[in-house]
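When a residue number appears, it is its place in the shown sequence, counting from 1.
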Amino acid sequence: KVIWSDRWQEHWDNLSLIKTNLSDGLLKTLNTRPAIKQTEESINSEAYEYYLRGKHKFLKREIMEDIDISRELLNKAIEIENSFLLAKLTLARTWLGFGRNNKNVNLNKALDIFNEILNQAKKINDKKIIAASLNGIGAFYFYEALDEDENKK
């Protein structure tokens with residue numbers, strides 16, 4: 001059963017408008033309101049595309065080189081849009097865990113990025129990003145403790 005259908009034609013540069021129209025239409029159809037107040041995002045469309053490609057490459061990685069490719073794409077997104085905190089979060093996550101005894105892990109680099117994100121998120125009071133960065137900082141200390149335990153053996 002189809003409960004909502006809509007059509008529109010927008011240019012990729014209007015990504016934030018597309019997302020807003022889509023979520024507004026769904027919420028109206030479901031006769032509900034968002035649990036969290038929506039903020040107007042205006043991320044550069046080219047940066048957003050690099051972010052999506054980098055995130056996809058990281059989530060679907062099959063070989064170690066996929067992580068390097070993912071980082072390159074995410075760094076391009078961040079170069080274009082330094083305030084793009086989701087891209088920075090994903091980049092920081094690429095430096096955590098995942099078989100800690102390899103060249104693709106750098107816990108200190110991850111911590112540096114998570115701290116940068118935390119500072120930026122506090123300035124704009126983005127509680128989801130604050131929570132995600134604190135979660136990443138917690139992961140850093142967890143992995144660091146694991147490494148210390150390994151070294152004691």
Side-chain angles (χ1 to χ4, degrees), residues 6-26 34-151 153:
D6 199 355
R7 297 182 123 213
W8 67 90
Q9 187 172 348
E10 292 286 342
H11 193 269
W12 178 252
D13 291 339
N14 296 330
L15 183 61
S16 60
L17 181 62
I18 295 168
K19 292 183 344 184
T20 300
N21 289 342
L22 181 60
S23 63
D24 287 349
L26 286 170
I36 299 172
K37 184 182 176 203
Q38 299 280 332
T39 58
E40 184 61 33
E41 293 181 24
S42 58
I43 300 296
N44 177 291
S45 60
E46 185 180 8
Y48 196 77
E49 183 178 353
Y50 279 124
Y51 159 70
L52 290 175
R53 290 174 55 208
K55 179 180 177 182
H56 181 266
K57 181 59 94 173
F58 180 65
L59 294 176
K60 302 295 182 184
R61 65 193 178 277
E62 295 178 2
I63 57 175
M64 297 307 276
E65 287 75 24
D66 288 344
I67 296 173
D68 294 330
I69 294 167
S70 172
R71 287 184 187 136
E72 288 175 23
L73 293 165
L74 293 165
N75 278 317
K76 285 181 182 179
I78 295 163
E79 285 172 17
I80 294 168
E81 188 84 40
N82 188 51
S83 63
F84 196 176
L85 299 182
L86 286 176
K88 289 182 179 184
L89 276 172
T90 305
L91 178 63
R93 289 175 179 143
T94 70
W95 291 106
L96 285 177
F98 309 112
R100 292 183 322 280
N101 296 323
N102 68 55
K103 72 173 184 73
N104 277 309
V105 174
N106 186 329
L107 295 179
N108 291 321
K109 189 169 193 124
L111 181 64
D112 290 343
I113 298 169
F114 283 125
N115 280 319
E116 177 185 339
I117 297 164
L118 180 60
N119 290 331
Q120 284 182 279
K122 283 181 177 179
K123 288 178 184 172
I124 60 173
N125 197 31
D126 188 327
K127 293 180 181 174
K128 289 191 297 186
I129 300 294
I130 291 170
S133 56
L134 288 171
N135 182 278
I137 292 167
F140 164 83
Y141 286 107
F142 175 78
Y143 288 130
E144 186 180 59
L146 285 178
D147 288 345
E148 288 173 4
D149 289 346
E150 293 280 324
N151 291 334
K153 291 181 180 178

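One distance of note links CZ of R93 with CG of L59; it measures 9.5 Å at 0.5 Å rounding. Distance check: T90 OG1 to I78 CD1 gives 8.5 Å after rounding to the nearest 0.5 Å. Distance check, rounded to the nearest 0.5 Å: CD1 of I137 to CG of L118 gives 5.0 Å. Note that CG of N119 is 10.0 Å distant from CD1 of I130, once rounded to the nearest 0.5 Å. Distance check, rounded to the nearest 0.5 Å: CG of D112 to CG of L107 gives 11.0 Å. Rounding to the nearest 0.5 Å places CD of E72 at 11.5 Å from CG of L91.
Shown here are the side-chain contact (heavy atoms from CB on, under 4.5 Å) partners of N108, two or more places apart in sequence or in another chain: N106, F140.
Between T94 and the choices D66, I113, I67, the side chain to side chain contact (heavy atoms under 4.5 Å, CB included) rule is met once, by I67.
Nearest approach of A132 to F114, heavy atoms of both residues: O-CE2, 4.4 Å. The two residues A139 and L96 make their nearest non-hydrogen contact at CB-CD1, 3.9 Å. Taking each heavy atom of I129 and A121 in turn, the nearest pair found is CG2-CB, 3.6 Å. Listed here is the closest heavy atom pair of S70 and F58: OG-CB, 3.2 Å. Between A92 and A110 the shortest heavy-atom distance is O-CB, 3.6 Å.
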Show me the side-chain donor-acceptor pairs of residues 50-57 shorter than 3.5 Å, one per line, residues at least two apart or across chains.
none

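Side-chain contact check for I43 versus L86: every heavy-atom pair is 4.5 Å or farther apart.
A salt bridge links D68 to R71: one of the charged nitrogens lies within less than 4.0 Å of a carboxylate oxygen.
Sorted by first and then second residue, the side-chain hydrogen bond (donor to acceptor under 3.5 Å, both in side chains) pairs with a member in residues 73-82 read E81-S83, N82-K88; sequence neighbours excluded.
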